[in-house]
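What follows is one structure encoded as structure tokens, with my remarks underneath.
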Amino acid sequence: MATQTIAPIHAVVHRHHVPPPRRCVRRRGVFIRASAAATAETDTLSAAFWDYNLLFRSQRDECLDSIPLRVTEGAIPPDFPAGTYYLAGPGIFSDDHGSTVHPLDGHGYLRSFRFRPGDSTVHYSARFVETAAKREESRDGASWRFTHRGPFSVLQGGKKVGNVKVMKNVANTSVLRWGGRLLCLWEGGQPYEVDPRTLETVGPFDLLGLGLAAAGADDNKATNASAARRPWLQEAGLDVAARLLRPVLSGVFDMPGKRLLAHYKIDPRRGRLLIVACNAEDMLLPRSHFTFYEFDAHFVLVQKREFVVPDHLMIHDWAFTDSHYILLGNRIKLDIPGSLLALTGTHPMIAALAVDPSRQSTPVYLLPRSPEAEASGRDWSVPIEAPSQMWSVHVGNAFEEANRHGGLDVRLHMSSCSYQWFHFHRMFGYNWHHKKLDPSFMNAAKGKEWLPRLVQVAIELDKTGACRRCSVRRLSDQYARPADFPAINPSYANQRNRFVYAGAASGSRRFLPYFPFDSVVKVDVSDGSARWWSTEVRKFVGEPVFVQTGGGEDDGYVLLVEYAVSKHICHLVVLDAKKIGKKNALVAKLEVPKNLTFPMGFHGFWGDE
């Protein structure tokens with residue numbers, strides 16, 4: 001079937017007043033195993049529009065007391081370990097006063113799926129994270145009035161001009177269990193601690209404060225590489241601008257001095273949690289500060305490294321090896337017209353930034369993590385320019401190995417997209433004028449080349465740390481369709497891995513060929529082969545999470561959520577990792593009660609008991 005895309009779909013739907021499609025009736029021949037004629041009945045423009053928007057439908061109800069989920073297919077296998085799968089993501093997008101926010105600005109709604117020891121059932125609970133913004137916008141939990149703009153949204157029913165409530169910490173991006181604490185993270189503020197059993201919010205957790213207060217850690221403040229590579233007068237001007245911006249950003253916009261990234265890393269061999277923070281003013285100035293913190297299992301800071309690089313970068317995800325912290329730089333620039341519109345409140349605050357496609361390569365910063373890397377003499381402030389312009393999205397794994405030149409070979413398995421497609425406030429097709437999401441942005445005509453895809457970055461260093469060569473290629477030639485959320489067996493982090501799992505697009509829907517994802521792909525990076533499992537028509541899937549059960553790399557299960565949007569039902573899906581690509585890959589499906597169906601989640605975490 002020829003690929004088609006949706007052109008201004010919101011205009012088409014509203015102009016013709018197309019109602020939401022009726023619920024599908026499951027009968028023989030309707031879904032994936034069905035006839036082409038029956039599939040065509042649901043593969044329409046209006047079905048695509050409503051299916052996409054129902055994926056981000058608000059859920060105001062919470063599930064305070066855990067409930068058992070009904071198994072609708074298969075059974076929980078006897079070797080499935082005891083533990084809990086936590087899923088972070090937004091829960092509400094529209095208030096009671098006419099405002100609809102971007103999915104990235106939706107209040108955090110934490111979901112918990114607990115597998116109890118010796119129990120064949122899974123118990124589910126869900127709660128909003130009680131952030132300061134959530135308490136202000138919904139004091140009673142029943143009515144909502146959005147007062148915070150957030151970075152990505154425009155308020156239709158709230159204050160626009162003069163609204164400086166930009167840093168809306170919604171704790172909706174990722175979730176982590178470490179050192180006996182459960183933390184919900186957001187890109188730009190403190191994590192919120194949540195009780196791992198009840199999901200009741202404990203309060204903000206000052207993770208960066210632990211780093212400031214710690215004594216005895218291996219604390220290294222790197223030299224300012226920006227100063228070494230710029231004329232002194234220009235660098236002095238940046239210093240003055242930074243000093244002027246900090247009190248404005250802090251006092252007016254309530255931005256913390258350091259912005260914590262939502263993506264963390266765990267080094268299983270050293271038993272460390274790794275996080276990174278940027279300075280608040282970095283978003284507006286052509287240089288970037290990065291501070292890396294490493295904590296042991298008791299949240300004791302054991303290492304801290306600071307770097308300043310002469311690039312205007314936005315980092316969402318990153319990587320590490322034994323010797324290096326690795327940043328794939330997404331180059332950005334200040335958008336003056338967008339900044340003025342953002343200040344009026346008629347455009348999102350993120351409109352002040354734009355991608356900078358002026359260079360046709362991608363800067364890869366290998367920042368020294370180990371004393372050996374620091375002593376090598378390599379100028380870490382000079383990036384390795386990967387020979388492909390790509391916007392880094394998510395990293396599945398990175399590792400390094402000694403090579404025959406006495407240096408290191410570094411490999412990254414990741415997802416990246418095109419600068420030509422990436423657009424800050426249009427992500428997910430957000431359109432504040434129509435209060436609906438436009439699927440056409442995520443299903444662009446050149447989506448196969450532009451949208452996130454799985455790639456490998458290979459870097460060869462000689463014994464002095466100098467780059468001999470750098471290459472970028474597809475992770476699999478067998479699977480070239482859009483894919484994201486790469487995941488691995490977590491015990492293989494920071495070492496050579498064979499398998500990568502990711503959310504992926506089957507391309508089976510004419511009007512939604514690329515996103516939302518409807519498949520899980522398993523890539524064998526040793527030979528580039530790929531196998532996949534796909535759900536049924538009018539169902540989507542989220543991020544896969546690997547649960548280990550044995551010593552082999554793919555001994556275990558893959559957990560993910562399936563969103564049956566046309567039926568307004570969610571399922572927790574259990575796949576046998578070894579059998580992905582075979583008919584019996586599906587091990588079990590468990591149904592979340594319809595009244596508790598939730599919108600698409602972002603990132604999850606599996607914690608053993």
Side-chain angles (χ1 to χ4, degrees), residues 31 54-55 57 59 61-91 109-127 174-175 177 182 196-197 199 485 487 501-504 516-520 522 533-536 538-549 556-577 579-580 584-609:
F31 296 127
L54 287 172
L55 189 60
R57 180 176 178 176
Q59 172 56 278
D61 292 335
E62 300 176 301
C63 183
L64 305 183
D65 299 317
S66 65
I67 59 171
L69 299 183
R70 183 173 68 91
V71 178
T72 58
E73 291 188 48
I76 302 298
D79 66 336
F80 201 97
T84 304
Y85 167 48
Y86 299 100
L87 178 61
Y109 186 78
L110 184 62
R111 288 138 275 200
S112 166
F113 301 85
R114 187 182 178 202
F115 294 73
R116 296 179 178 176
D119 195 342
S120 60
T121 61
V122 176
H123 289 75
Y124 172 78
S125 57
R127 278 194 176 195
S174 62
V175 57
R177 201 178 76 187
L182 183 66
R197 281 284 186 265
L199 303 189
F485 306 122
Y501 308 86
F517 296 139
D518 60 0
S519 306
V520 173
K522 177 185 180 182
W533 172 88
S534 296
T535 187
E536 300 165 319
R538 302 192 74 183
K539 295 181 180 179
F540 307 119
V541 300
E543 175 195 57
V545 170
F546 189 91
V547 180
Q548 186 177 10
T549 59
Y557 298 96
V558 173
L559 292 178
L560 64 149
V561 173
E562 174 192 79
Y563 303 88
V565 290
S566 63
K567 293 185 174 183
H568 197 52
I569 291 176
C570 291
H571 294 98
L572 180 66
V573 174
V574 183
L575 301 178
D576 187 326
K579 296 178 180 178
I580 290 177
N584 59 344
L586 178 64
V587 175
K589 271 190 186 183
L590 300 98
E591 183 179 297
V592 176
K594 191 168 185 178
N595 64 305
L596 296 173
T597 294
F598 50 80
M600 182 180 179
F602 290 155
H603 298 292
F605 182 89
W606 169 262
D608 288 312
E609 290 191 357

Taking the side chain as everything from C-beta on, heavy atoms only, tell me whether Arg114 gets closer than 4.5 Å to Thr84. yes
Verify, without hydrogens or angle tests, whether Glu543 (side chain) and Gly604 (backbone) share a donor-acceptor contact under 3.5 angstrom. yes
All heavy atoms of Pro81 vs all of Gln548, minimum pair found to be CG-O, 4.0 Å
Without swapping roles, check the side chain of Tyr563 against the backbone of Leu54 for a donor-acceptor pair under 3.5 Å. no
Within the structure provided, determine whether Tyr557 and Pro77 are in side-chain contact (heavy-atom separation under 4.5 Å). yes
SB check Glu609 Arg197 (cutoff 4.0 Å): yes
Are Pro90 and Phe602 close enough that some pair of their side-chain heavy atoms sits under 4.5 Å apart? yes
Can you see whether Thr72 engages Glu591 through a side-chain donor-acceptor pair at a distance of less than 3.5 angstrom? no
Are the side chain of Glu62 and the backbone N or O of Ser125 linked by a donor-acceptor pair below 3.5 Å? no
Are Phe115 and Trp606 near enough that their ring centres are under 6.0 Å apart? yes
Take the angle between the ring planes of Phe113 and Phe598 and call it parallel below 30°, perpendicular above 60°, tilted in between. perpendicular
Could you check whether any side-chain heavy atom of Val574 comes within less than 4.5 Å of a side-chain heavy atom of Val547, counting everything from C-beta outward? no
Which pair of non-hydrogen atoms, one from Val175 and one from Leu182, has the smallest distance, and what is that distance? CG2-CD1, 3.6 Å
Do Lys522 side-chain atoms and Ala577 backbone N/O form a donor-acceptor pair below 3.5 Å? yes
